[in-house]
Structure formats: C-alpha cells, structure tokens
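Below you'll find the structure, written out as structure tokens, and then a few comments.
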Amino acid sequence: MDTSISTLRKNLNYVKNSCTMPYSNGPLEGTIGKIKKLKHISYGFRNLDHFLKRIRLICA
C-alpha cells in the first residue's frame with residue numbers, strides 16, 4: 001500500500017490533468033486493439049497489400 005500511495009503522490013498532477021481534461025487516448029487504443037486482433041487472425045493472407053486493405057476496411 002505504501003508503494004501505491006507514494007506513486008500517487010509522485011504523479012498527482014498527471015492524475016488531476018487526466019480527470020479534468022477532455023482528451024483521451026481511448027479511441028487510438030481501440031484502433032490499435034483492432035489491428036492487433038486482425039494481425040493475430042490473419043496468418044492466411046497472401047501478401048501485405050491484402051492485409052493493409054483489410055485494416056482500412058476494419059478501421060473505417
């Protein structure tokens with residue numbers, strides 16, 4: 001518990017900013033997750049062009 005409290009004290013300004021600012025990296029993380037999932041299931045694609053087209057379809 002001491003480690004958690006000391007880490008919170010070190011990063012208190014960042015925590016306050018994340019609570020007050022309207023910005024979020026959630027949409028970007030979601031897109032990265034979609035690409036990683038596609039990469040995991042797409043071992044059967046013949047070439048990189050097909051893979052990139054599929055990424056554009058999923059993320060559009």
Side-chain angles (χ1 to χ4, degrees):
M1 192 68 171
D2 293 333
T3 306
S4 301
I5 293 171
S6 65
T7 304
L8 179 63
R9 284 184 183 153
K10 287 178 190 175
N11 299 316
L12 190 59
N13 289 331
Y14 302 121
V15 172
K16 286 180 184 178
N17 285 340
S18 68
C19 292
T20 59
M21 297 292 175
Y23 306 117
S24 173
N25 67 342
L28 180 62
E29 292 291 333
T31 303
I32 291 170
K34 288 178 185 177
I35 292 172
K36 284 184 178 182
K37 190 179 294 184
L38 176 65
K39 183 179 174 184
H40 179 71
I41 64 170
S42 65
Y43 289 115
F45 283 124
R46 292 180 183 225
N47 60 22
L48 184 63
D49 188 45
H50 290 149
F51 180 64
L52 295 176
K53 286 179 183 177
R54 184 70 185 263
I55 289 174
R56 289 186 190 110
L57 275 173
I58 287 177
C59 296

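Here, residue 1 is the first one in the sequence, and each next residue gets the next number.
For Asp49, the salt bridge (charged side-chain N to carboxylate O under 4.0 Å, His left out) partners at least two apart in sequence or on another chain are Lys53.
Summarising the geometry, atom OG belonging to Ser6 is positioned 11.0 Å from atom CE belonging to Met1; distances are rounded to the nearest 0.5 Å. The structure places OG of Ser42 at 12.5 Å from NE2 of His50, a figure rounded to the nearest 0.5 Å.
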Cut-off 3.5 Å, no hydrogens considered: what does the side-chain donor-acceptor table look like for residues 31-38, sequence neighbours left out?
from	atom 1	to	atom 2	distance (Å)
Thr31	OG1	Pro27	O	3.1

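Each of Thr7, Ile5, Leu12, Asn11 was scored for a side-chain contact (heavy atoms from CB on, under 4.5 Å) with Arg9, with one residue passing: Ile5.
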